[in-house]
Amino acid sequence: MQAGDRLICAFVDKADVHESFRVWPLHMTILPWFRLTDVSEDIARGLAAALRPIHPFEVTMGERAVFGPRHNRPATLVQLPTPFTDIEWRVRGYLHKKRAWLVDETTKAGREFRPHVTAQGAKQMQTGDTFVCDQVY
């Protein structure tokens, strides 16, 4: 793995740890691309420690929205409040302490994290759908 090709996400579809995908499964990006020279195993241990207080939880999907630079990527928002906002805060805090370069801090003007699941082709979450976040890998 090269520095700069890492991101943190939550999988909605069941996926094997460390699996490579030709087509991404449904997922929520917790933190987009970042660069950190530490080896992946060390980052995983640090993130696991930062997220240790998080217990399994269920989320419900809310309204539809569009994201992306051209506002053309359909997504479904997670209803607030949600533990995903705390998870994002903990992940970002850990990476700040490690002095990681975070792409979204160089490309966006102070937008808040808004948990959502982006459609993947024809696969999309619907308003009222639920999923469980039961484990951090």
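Numbers here are sequence positions counted from 1.
- Put simply, the side chain of H116 does not reach to within 4.5 Å of the side chain of V78, judged on heavy atoms.
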Report the C-alpha distance between D129 and T76 in whole Å, list the side-chain angles of each, state the deciding distance to 0.1 Å, and finish with yes or no for side chain to side chain contact (heavy atoms under 4.5 Å, CB included).
CA-CA 10 Å; D129 285 351; T76 309; over 6 Å; no

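- Note: the hydrophobic cluster containing I30 does not contain F67 (ILVMFWY, side chain heavy atoms under 4.5 Å, direct or indirect links).
- No donor-acceptor distance shorter than 3.5 angstrom exists from the side chain of D86 to the backbone of P83, with no hydrogens or angles considered.
- V132 and E58 get closest at one heavy-atom pair: CG2-OE1, 4.0 Å.
- F84 is listed as a side-chain neighbour of F57, based on a closest heavy-atom distance under 4.5 Å.
- When hydrophobic clusters are built by joining Ile, Leu, Val, Met, Phe, Trp and Tyr residues whose side-chain heavy atoms come closer than 4.5 Å, directly or via intermediates, I54 is grouped together with L47.
- Looking only at distances, a side-chain donor or acceptor of T127 sits under 3.5 Å from a matching main-chain atom of G62.
- Here the side chains of L95 and K97 are not in contact, with every heavy-atom distance at 4.5 Å or above.
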Given side chain to side chain contact (heavy atoms under 4.5 Å, CB included), test L36 with W101 step by step and report yes or no.
CA-CA 7 Å; L36 184 61; W101 176 84; over 6 Å; no

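- Here the closest heavy-atom approach between residue A119 and residue R73 is recorded as O-NH2, 3.3 Å.
- The backbone N or O of P25 lies less than 3.5 Å from a partner atom in the side chain of H27, making a donor-acceptor pair.
- A salt bridge links E88 with R92; the closest basic N to acidic carboxylate O contact falls under 4.0 Å.
- Between L26 and M125, some side-chain heavy-atom pair lies under the 4.5 Å cut-off.
- Considering only heavy atoms from C-beta on, K98 comes within 4.5 Å of D38 through its side chain.
- Here the CZ-CE distance, from F113 to M28, works out to 6.0 Å after rounding to the nearest 0.5 Å.
- When side chains are defined from C-beta on, T85 does not count as touching E112, because their heavy atoms never get closer than 4.5 Å.
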Please report the C-alpha distance between L102 and R35 in whole Å, then the side-chain angles of each, then the deciding distance to 0.1 Å, and finally whether the side chain to side chain contact (heavy atoms under 4.5 Å, CB included) criterion is met.
CA-CA 7 Å; L102 309 174; R35 289 188 186 130; over 6 Å; no

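- Between C133 and V59 there is no side-chain heavy-atom pair separated by less than 4.5 Å.
- Side-chain atoms of L80 and R114, non-hydrogen and from C-beta on, do get closer than 4.5 Å to each other.
- Put simply, the residue from E63, R64, M61 that forms a side-chain contact (heavy atoms from CB on, under 4.5 Å) with L77 is E63.
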